[in-house]
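In what follows, every chain begins at residue 1, and chains take the letters A, B, ... in the order their sequences are listed. All of these numbers come straight from a predicted model, not from anything done at the bench.
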There are 2 protein chains.
Amino acid sequence: MGITKTEIFDHHQNELAQFFKILGHPARIAILQYISKQNTCICNDLVEEIGLAQATISQHLKELKSIGLLKGEIEGKSICYCIDVDRWNMLQKSLNSFFNTTKTNCC
Amino acid sequence: MGITKTEIFDHHQNELAQFFKILGHPARIAILQYISKQNTCICNDLVEEIGLAQATISQHLKELKSIGLLKGEIEGKSICYCIDVDRWNMLQKSLNSFFNTTKTNCC
DNA sequence: TTATAATATTGCAATATTACGATAATAAAC
DNA sequence: GTTTATTATCGTAATATTGCAATATTATAA
């Protein structure tokens, strides 16, 4: 029927899939890469840098925030969005754990 | 307008996003985990194990194959789908590279 | 060749995602 | 207060994804 049946999977599977899903868009990859290159980051820069409308960028930032990858701090009249390194490392560890425990094969 | 603007991103960003995207569904996570537990894998087992219709499982398998994570070998009248460990390790390396080069922050 | 069993494909309906223009909210500068 | 600049939200249109029933394909068994 078109809706993901999250109820038949466990919490870990759903959470892991959610992490992957949010990283699964080139704009969000590009945003993370750009932020990591800067000392400060203003959404307006991203609009020029990435080439999507301001509203679209704002939505992508919201999604990255939803899994805790970005934290925003008020800085003057704009917002400084930064990567939450603790969360970033946690996520990396979590994905590696999945990769390391899921690679037995048979043929 | 609803379509991802892949043309404004580079090949690496699009490819990385595609990997993440395909891993971004709990059924595909569950399928990979189940396959890695078995010595052999038959799609029919997955239908019972995962709890989705046979057609749906088949589609998820197809997507996992599309990024090379699974390789299927004919085994009697069924198919033995296995994780391609070389590809799996390559993907893990690629994701770690992204994580390691994208975590500078400012605040 | 004709069953039988397993997987793939097709077609369709429902929901989700992506994107953007318009507008609202927020905060500094005047 | 008003203006100006920046980011967030709303509403909407277009495309993508998810899921399943029905059907097709493939390969063994009889």
Spacing between I8(A) atom CD1 and dG19(D) atom P, to the nearest angstrom:
7 Å

Atom-pair distance (CD1 on I22(B); P on dA16(D)), nearest Å
15 Å

Residues L61(B), L46(B); criterion side chain to side chain contact (heavy atoms under 4.5 Å, CB included); working and verdict
CA-CA 10 Å; L61(B) 290 171; L46(B) 283 171; 4.0 Å; yes

Does a nitrogen or oxygen in the side chain of Y81(A) sit under 4.0 Å from OP1 or OP2 of dA8(D)?
yes

Is the H60(A) ring parallel, tilted or perpendicular to the H25(A) ring (thresholds 30°, 60°)?
tilted

Any K21(A) side-chain N or O less than 4.0 Å from OP1/OP2 of dT17(C):
yes

Output the rounded distance in Å from CD1 (I50(A)) to C1' (dA19(C)).
14 Å

For the pair made of CD1 in I29(A) and P in dT18(C), what is the distance, rounded to whole Å?
12 Å

Where do D84(A) and L69(A) land on the side chain to side chain contact (heavy atoms under 4.5 Å, CB included) test, with the steps shown first?
CA-CA 5 Å; D84(A) 187 326; L69(A) 279 186; over 6 Å; no

Using OP1 and OP2 only, check whether a side-chain N or O of K5(B) sits under 4.0 Å from dC20(C).
yes

Indicate if M90(B) and I22(B) have the same hydrophobic cluster label, given that clusters are the connected sets of ILVMFWY residues with side-chain heavy-atom separations under 4.5 angstrom.
no

In whole angstrom, give the distance that lies between atom CZ of F9(A) and atom P of dT18(D).
11 Å

Specify the separation, in whole Å, of atom CG of N14(B) and atom P of dT18(C).
13 Å

Minimum heavy-atom distance I67(A)-Q18(A), with the two atoms named
CG2-CG, 4.3 Å

note: E7(B), atom CD; dT15(D), atom C1'; distance rounded to Å ~ 14 Å

Just to verify, what does E49(A) make a salt bridge (charged side-chain N to carboxylate O under 4.0 Å, His left out) with, not counting sequence neighbours?
none

Taking the side chain as every heavy atom from C-beta outward, state whether F99(B) and N96(A) have any pair of such atoms under 4.5 Å apart.
no

Could you identify which residues of residues 51-68 of chain A place a heavy atom less than 4.0 Å from some atom of DNA chain C, listed by residue number, or say none?
L52(A), A53(A), A55(A), T56(A), Q59(A), H60(A), E63(A)

Could you give the CD1-to-C1' distance, from I3(A) to dC20(D), as a whole number of Å?
15 Å

Would you mind telling me which of dA19(C), dA16(D), dA8(C) lies closest to the side-chain atoms of H25(A)?
dA19(C)

